[in-house]
2 protein chains.
Amino acid sequence: LKARTSYDEDGVLRRIKAGFARRAGSRFVALGMGDDAALLRPTAGYETVLTCDWFLEGTHFLRDRHPADSVGWKCLARALSDVAAMGGMPRCFLLSLALPRELAGRWLDDFLGGLARAAKRFECPLAGGDTTERSEVLINITAIGETRRGAALTRNGARPGNLIYVTGRLGEAEMGLRLLREGKKISAMDVRLKKHLYPEPRLKVGKWLAEKGLATAMMDLSDGMSLDLKRLCDASGVGAFVHGNKLPVALGGKRDTKGEALNAALHGGDDYELLFTVAGKSNDKIPASGDGVKITRIGEIVHDSGVQLVDARGHSTPLQGLGWDPFREA
Amino acid sequence: LKARTSYDEDGVLRRIKAGFARRAGSRFVALGMGDDAALLRPTAGYETVLTCDWFLEGTHFLRDRHPADSVGWKCLARALSDVAAMGGMPRCFLLSLALPRELAGRWLDDFLGGLARAAKRFECPLAGGDTTERSEVLINITAIGETRRGAALTRNGARPGNLIYVTGRLGEAEMGLRLLREGKKISAMDVRLKKHLYPEPRLKVGKWLAEKGLATAMMDLSDGMSLDLKRLCDASGVGAFVHGNKLPVALGGKRDTKGEALNAALHGGDDYELLFTVAGKSNDKIPASGDGVKITRIGEIVHDSGVQLVDARGHSTPLQGLGWDPFREA
């Protein structure tokens with residue numbers, strides 16, 4: 001990491017290095033923090049997966065509502081969800097961090113704690129980055145992964161007759177955000193809150209699908225299923241039917257109505273689940289769960305463009321891609 | 001690129017794609033913009049060079065003083081300077097861009113114009129990124145390059161007796177910034193202004209030094225020579241003597257005094273020149289210029305720690321690493 005300004009830049013860098021020193025080793029990272037750039041050793045026969053992701057105070061998280069530990073965990077987890085969406089395995093990441101001076105102590109330590117736990121959990125060491133001072137917390141994560149050459153799953157391979165699947169439960173993270181905003185005392189063990197604060201990229205399921213060659217298209221759900229499925233369909237030049245009563249909705253609290261849970265599952269953001277399509281004949285090769293995560297068939301790909309929502313009585317209506325942004329309504 | 005919010009995100013993405021479509025092809029980029037992540041094909045026998053760089057309105061550039069075209073050029077050029085500093089060749093880059101809604105028209109087009117020219121000039125296509133809306137312009141560039149395995153030049157190899165060299169002229173960019181701030185009418189051809197707005201990473205010289213195995217240590221000068229040389233010395237566990245009268249100072253205007261030019265050369269930021277060390281016996285293998293850029297010997301590495309400035313009469317005084325930040329004094 002290179003210092004760009006000199007508030008207590010050296011102190012910030014020392015904290016970052018201290019937080020990651022024990023986990024720095026990796027066969028993939030030939031040169032880590034401290035030089036002009038990092039050096040990686042690619043694996044023969046693999047392609048490099050590369051993605052970057054903003055995580056900005058006020059846009060993607062709220063400093064007064066989101067614990068620093070969660071900010072650290074989530075900024076890496078969501079970047080790795082894009083690696084999972086290609087069927088890739090994480091190799092390392094870069095951290096670009098801009099920070100107010102007054103957060104360079106306790107807040108930074110908590111942030112680095114969450115980030116280091118995620119890095120360990122997902123076997124993805126910190127290889128470098130850039131830091132500067134700023135009045136708001138700005139984070140950008142570059143995640144680097146690998147897939148076997150030719151095995152990566154893209155968005156454009158869905159074909160009419162393909163079946164549509166998702167991992168996990170949809171809408172929980174949005175419900176978790178609502179709980180957080182209401183500011184009531186809630187258990188840290190609440191599944192909705194946990195899903196919002198500490199998402200788990202579906203790396204093992206994504207890798208399995210890519211290596212088995214079972215999925216025809218895949219992406220991760222980050223902006224809401226209705227919008228993301230539309231993107232997958234547009235990239236593939238197809239349409240889709242989604243069955244509302246098959247959607248794996250949130251395990252909600254008592255007061256969540258069925259309609260609220262369905263709405264969150266259709267349009268809620270921050271799911272970080274996988275959405276993928278499979279040829280009809282491969283249906284029985286898709287297990288009911290993988291790596292402890294439920295896998296659910298929710299619909300099928302059709303010729304006509306557009307996404308239709310089918311209700312319990314078999315009536316279909318166009319599903320609007322609502323493009324959920326957690327802070328637009330705030 | 002993935003849309004994270006929906007102001008006119010699709011319009012922004014369309015403009016980005018349009019600006020780069022003709023230059024998208026590359027043997028290195030197997031999958032570019034439009035999916036969850038980019039896919040790169042590493043070259044056999046090479047290592048991957050990876051670096052990321054903030055370029056933030058108010059911290060690294062001023063919206064009312066820096067032309068959008070220069071912002072586009074410079075954000076990529078400075079990231080590629082870190083690739084040059086390892087002796088690497090650029091392969092592709094990722095653009096993370098946060099933008100106020102009102103800049104999504106003309107300003108964005110000018111920005112993309114400068115960025116696309118730099119991408120073409122340095123043979124470094126855009127492979128992906130992330131965009132969002134924000135009240136200020138935030139840019140983060142991830143630059144990806146390659147070096148032959150084992151050939152990369154790091155900061156920690158300088159040894160006592162090594163000679164110290166720099167490329168180009170130092171301090172011009174800082175003088176260019178001063179001109180820009182004063183807001184007077186100045187020619188766009190002024191070398192100082194040009195160096196500040198449109199720096200050229202020393203990619204060919206860096207690659208040549210790495211492939212010939214001539215340099216023992218290398219880094220790029222971005223935060224001021226006095227601070228950056230201290231970093232190289234600290235990483236190598238050595239000290240240095242720098243000869244003030246050998247420094248290649250700016251080709252300044254009439255009113256710049258010799259003292260001002262020397263001061264800018266010692267402490268001015270944004271040079272994006274290379275600083276490197278060479279074993280004494282290799283001195284005659286270093287040419288007086290490379291790729292049209294002057295190469296100047298400015299001092300030597302010694303056992304003692306710390307950097308000393310030697311004046312014309314042979315007197316030496318400790319050189320403070322002033323850690324120049326272009327906007328701190330503003």
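Naming convention: chains lettered A, B, ... in sequence-line order (proteins, then strands); numbering from 1 in each chain. Heavy-atom basis, side chains included; hydrogens, waters and symmetry copies ignored.
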Between the side chains of Thr142(B) and Thr142(A), is a donor N or O closer than 3.5 angstrom to an acceptor N or O?
yes

Does any heavy atom of chain A fall under 4.5 Å from the side chain of Ile139(B), the backbone, both, or neither of them?
backbone

From Asp130(B) CG over to Trp54(A) CH2, what is the distance, rounded to the nearest 0.5 angstrom?
8.0 Å

Please enumerate all residues that pass side-chain contact (heavy atoms from CB on, under 4.5 Å) together with Arg63(A), with sequence neighbours excluded.
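Once residues adjacent in sequence are excluded, the partners of Arg63(A) under the side-chain contact (heavy atoms from CB on, under 4.5 Å) criterion are Glu57(A), Pro100(A), Glu102(A), Leu103(A), Trp107(A), Val137(A).
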
Residues that Thr154(A) engages under side-chain contact (heavy atoms from CB on, under 4.5 Å), provided they are two or more places apart
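Thr154(A) satisfies side-chain contact (heavy atoms from CB on, under 4.5 Å) with Met86(A), Asn156(A), Leu31(B), Asp35(B) once adjacent residues are dropped.
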
Report yes if the side chains of Arg134(B) and Leu56(A) come closer than 4.5 Å at any heavy-atom pair, otherwise no.
yes

Flag side-chain contact, heavy atom, 4.5 Å: Asp36(A) against Thr51(B)
no

Determine the option with the most heavy-atom pairs under 4.5 angstrom with chain B, choosing from [options].
| options | value |
| --- | --- |
| Ile144(A), Asn140(A), Thr147(A) | Asn140(A) |
| Leu138(A), Val83(A), Val49(A) | Leu138(A) |
| Arg149(A), Glu136(A), Glu146(A) | Glu136(A) |

Choice from Ala38(B), Gly88(B), Ala30(B) maximising heavy atom contacts with chain A below 4.5 Å:
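Heavy-atom pair counts peak at Ala38(B).
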
Identify the heavy atoms of [X] and [Y] that sit nearest to each other, and give their distance.
| X | Y | value |
| --- | --- | --- |
| Thr48(B) | Pro42(A) | OG1-CG, 3.5 Å |
| Leu39(B) | Glu47(A) | CD1-OE1, 3.9 Å |
| Gly129(B) | Cys52(A) | CA-SG, 3.6 Å |

